[in-house]
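Counting convention: from 1, in listed order, for ligands and their atoms alike. Along the sequence shown, residues carry numbers from 1.
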Amino acid sequence: MPLYEYVCQDCTHAFEALVFNGQSAECPECHSQKLERQLSVPARPKVDSPPLPTACKSAGPPCGPMCNRWNNS
Ligand SMILES: [Zn+2]
């Protein structure tokens with residue numbers, strides 16, 4: 001069941017509502033259907049991605065087992 005967070009655009013009341021297919025939510029305070037749906041999933045912090053294997057210097061030995069230079073030589 002999709003649970004959405006809404007903010008009423010008429011009275012700015014914030015609430016959560018279960019919305020089924022084909023149904024629209026309405027504000028429990030003023031029964032307006034002018035609602036702004038909020039993103040209910042909290043934004044995930046960015047996970048540091050490992051450095052790209054292409055970042056190694058062109059001189060010297062390959063930088064690691066994932067180094068792209070293993071395939072070029
Ligand atoms: Zn309202």
Side-chain angles (χ1 to χ4, degrees):
M1 279 185 291
L3 177 65
Y4 294 118
E5 216 173 297
Y6 290 97
V7 174
C8 175
Q9 306 219 306
D10 281 346
C11 71
T12 69
H13 179 67
F15 60 98
E16 290 180 341
L18 285 169
V19 179
F20 301 94
N21 277 343
Q23 288 191 334
S24 53
E26 68 171 26
C27 174
E29 294 292 315
C30 68
H31 302 286
S32 168
Q33 293 194 348
K34 279 196 245 166
L35 307 173
E36 188 177 293
R37 195 159 82 193
Q38 307 293 297
L39 294 175
S40 55
V41 181
R44 270 193 299 173
K46 273 190 185 174
V47 180
D48 283 338
S49 56
L52 291 176
T54 57
C56 82
K57 297 177 216 157
S58 56
C63 58
M66 292 297 290
C67 183
N68 63 328
R69 289 173 58 214
W70 286 115
N71 300 324
N72 292 343
S73 56

Protein N/O/S atoms closer than 2.8 Å to the Zn ion (ligand 1) number 4
Please name the pair of heavy atoms, one in D10 and one in C30, separated by the smallest distance, quoted to 0.1 Å.
CB-SG, 4.1 Å
What pair of heavy atoms forms the shortest contact from S32 to K34, and how long is it?
OG-N, 3.0 Å
So, taking the atom named OH in Y4 and the one named CD in E36, what distance separates them when rounded to the nearest 0.5 Å?
15.0 Å
Please give me the minimum heavy-atom distance between Y6 and A25, naming the atom from each residue.
CE1-CB, 3.8 Å
Measure the OG-CD distance between S24 and Q33 for me, rounded to the nearest 0.5 Å.
4.0 Å
Considering all heavy atoms, the nearest V7-A14 contact
CG2-CB, 4.1 Å
